[in-house]
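Everything numeric in this text was worked out from a predicted model, so none of it was measured. Each chain gets a letter, A, B and so on, in the order the sequences are listed, and its residues count up from 1.
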Amino acid sequence: MSARGLSMSFGAFSAVRNVDLDVHHARVHALIGPNGAGKTTVFNLLTKFLTPTGGTITFMGTDITRLPPDRVARMGLVRSFQISAVFPHLTVLDNVRVALQRPNGLATQFWRPLSALDSLNERADRLIAAVGLSEARNAMAADLSYGRKRVLEIATTLALDPKVLLLDEPMAGMGGEDVAVVAGIIRNVARDRAVLMVEHNLKVVADICDHVTVLQRGEILAEGDYRTVSEDPRVRAAYMGTEEA
Amino acid sequence: MADMVETTASGERSATAQSIRIGFLLAGLAALAVAPLFLYPVFLMKLLCFALFACAFNLLIGYTGLLSFGHAAFFGGAAYFTAHAVKEWHLTPELGILVGVLGAALLGLVIGFFAIRRQGIYFAMITLALAQMFYFFCLQAEFTKGEDGIQGVPRGHFLGLLDLSTSTNMYYFTLAVFLVGLLVIWRFVNSPFGMILKSIRENEQRAVSLGYSVQYYKLGAFVMSAALAGLAGGTKALVFQFATLTDVTWQMSGEVILMTLLGGIGTLIGPVFGAGLVVTLQHYLATSDFPVTIVTGVVFMACVLLFRRGLVGEFYASRLGRRLGFAYRR
């Protein structure tokens, strides 16, 4: 997936200016930057929850700049949300099964009983086990701890077998143990797909990300591997809050 | 959302609870079967038609969260279609009702197509506006006979065999239609499609990000709700043997909202009780000097202030209801 000259203005305010981004297979790519840098906006643009006011986005050779969000999701570009997005009054199992229904052609049958969905249980259970939620399989998503909700969301996202996985602050608000677990999961899933994540936790970025893009005020400030980026004086200035000096 | 199949308790207790629920079901069916021995059959048939109408409406608001303010168009429209098909084309009653259902579904497709793009109050206003346009069409069109309505609709013979002109036969025919309608709703709600509807209501953005074109699912639910409202309307035209403008007015759209709220939004059986209450009040107050609208208005206010979940919703949420394994979640 790549974006060229991506721009977005809300009225007179331009939230994102001229951003070029390339996301590659089998690589964890982090998008970092201070608050208000436009990271989430870039995310919304890439997944088409917002339509850019300028620039183009191509995904596997197709121009997706004007496609609706559900279309790009079906093409394999799947996102998670900054605020945990699960279906609260569905069980863990049902959350994952809802994600599996469409790719398995079990979404439109209004005449079949719910037991028709049991054929998805095996795959759902494997996904649930992969993120370590097996013992909470029949619990309501609303009753899970915050960290577990995030993990469940990753499981539902993986259910679509996405080619590109976009994670919006997957570790936000998580305890230390959970962070290590999720970092391991992300490392694992990136083996055969591309991952782009927005992350504030720089230790996580240093540990698992192969490539880092730093945004500031809607523009790319620096790019490269973590070491290169972290030694860049402009980045240091931005993070120390002394860029005005 | 209340669902009869969902149980939280385990083991023996849930088995007992389940047999009690089945007991409720059987008692309800038995009551419906013997009701015409004790009560005026036409009143009962009216009640069943409105109960089905309210259940159809509830399919939309209770299970997809869309508040339509134009459901009279489907109910009253189907009444016209069925009446016309039976009287002018001499179709058998079951085919006549089918014409009504298909007509209502088509109407639902058109109105739904425009309305589902909006949410909340805008959705309600668009459905109201389009339903009012349909009302005007009914007022002006040739086949509806304007202010007079279609009178003297023959009930005919079901499948060419069973004579529906007697009240008893017509009652059991109406009861069968009602039960089939309820069964369709139950299946629709508890199906793979229903699961997606539920997820859309829970978190629409997430459903979109999982690749669901939520508009199509909403439209599907809208058309299904319209078709079932049509089933109720078509049957009502046969019961009363006429179709008039009353059933396509906006007041009728309001009445069905009232019935559903009173009974309990999102409970399968709630709207039946809501409709029962409203129709009974109308029936017994019709002969008194006291205006019906004041009574229903007061009942409605009491409901909104005191038991917001509706009659059945409150029962499900009560301790007894929970012990019986009913769950009420909104």
Side-chain angles (χ1 to χ4, degrees), chain A residues 43-44 47-49 68-91 94-120 138 140-142 152-153 156-157 159-162 166 168, chain B residues 1-10 14 59-60 62-65 105 117 180 183-225 227-228 266 327-330:
Chain A
F43 239 65
N44 284 335
T47 50
K48 313 312 319 303
F49 277 74
D70 51 310
R71 270 284 290 284
V72 301
R74 289 198 289 275
M75 290 169 76
L77 191 75
V78 186
R79 70 171 297 178
S80 72
F81 290 83
Q82 195 169 48
I83 311 153
S84 131
V86 292
F87 303 116
H89 296 114
L90 263 50
T91 63
D94 281 342
N95 263 276
V96 179
R97 291 205 308 194
V98 164
L100 286 169
Q101 275 181 251
R102 188 189 45 77
N104 291 287
L106 275 170
T108 51
Q109 288 88 341
F110 58 83
W111 58 90
R112 293 187 66 182
L114 267 184
S115 55
L117 298 180
D118 288 348
S119 62
L120 304 175
N138 296 317
M140 285 291 157
L152 173 59
E153 195 188 341
T156 56
T157 311
L160 301 191
D161 202 10
L166 297 106
D168 197 354
Chain B
M1 188 59 42
D3 246 331
M4 289 195 222
V5 286
E6 279 174 315
T7 51
T8 42
S10 57
S14 90
L59 180 63
L60 202 58
Y63 295 92
T64 36
R117 287 145 203 278
V180 166
L183 211 63
V184 169
I185 292 173
W186 182 77
R187 166 50 71 234
F188 190 81
V189 169
N190 296 295
S191 72
F193 187 90
M195 195 70 187
I196 304 302
L197 283 182
K198 199 169 172 180
S199 73
I200 291 172
R201 211 199 47 214
E202 289 264 306
N203 192 336
E204 184 165 336
Q205 287 258 300
R206 184 58 182 157
V208 171
S209 79
L210 292 176
Y212 291 104
S213 311
V214 296
Q215 306 297 359
Y216 291 113
Y217 290 87
K218 286 184 182 173
L219 187 57
F222 195 89
V223 171
M224 183 53 102
S225 173
L228 287 161
Y328 186 87
R329 275 180 279 116
R330 285 288 303 157

If you count heavy-atom pairs under 4.5 Å with chain B, which of A:V72, A:T47, A:V98 comes out on top?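 Among A:V72, A:T47, A:V98, the one with the most close pairs to chain B is A:V98.
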
Chain A contact via B:Y217 - side chain, backbone, both or neither, heavy atoms under 4.5 Å: side chain

Quick one: does [X]'s side chain get under 4.5 Å of [Y]'s, heavy atoms only?
X	Y	result
B:S191	A:Q109	no
A:V86	B:N203	no
B:S209	A:F49	yes

With rounding to the nearest 0.5 angstrom, report the CZ to CZ distance, A:F87 to B:R201.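 Answer rounded to 0.5 Å: 11.5 Å.
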
So how far is it from B:M195 CE to A:D94 CG, rounded to the nearest 0.5 Å? 3.0 Å

Would you say the side-chain atoms of A:T157 and B:R206 include a donor-acceptor pair closer than 3.5 Å? yes

Atom group of A:L114 that falls short of 4.5 Å from chain B, counting heavy atoms: both

For the pair A:F110 and B:F193, name the ring-plane relationship: parallel under 30°, tilted 30 to 60°, perpendicular over 60°. perpendicular

For B:S213 and A:R74, what are the C-alpha separation, side-chain angles and deciding distance, and is it a side chain to side chain contact (heavy atoms under 4.5 Å, CB included)? CA-CA 10 Å; B:S213 311; A:R74 289 198 289 275; 3.0 Å; yes

Hey, is the main chain of B:I196 close enough, under 3.5 Å, to the side chain of A:Q101 for a donor-acceptor pair?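 Not at all, since once roles are kept as given, no pair shorter than 3.5 Å links the two residues.
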
Within the distance-only criterion (no hydrogens, no angle test), does the side chain of B:Y212 pair as donor or acceptor with the backbone N or O of A:D70 below 3.5 angstrom? no

For the interface with chain A, which of B:L197, B:V208, B:V184 has the highest count of heavy-atom pairs at distances below 4.5 Å?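 Answer, by heavy-atom pair count under 4.5 Å with chain A: B:V208.
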
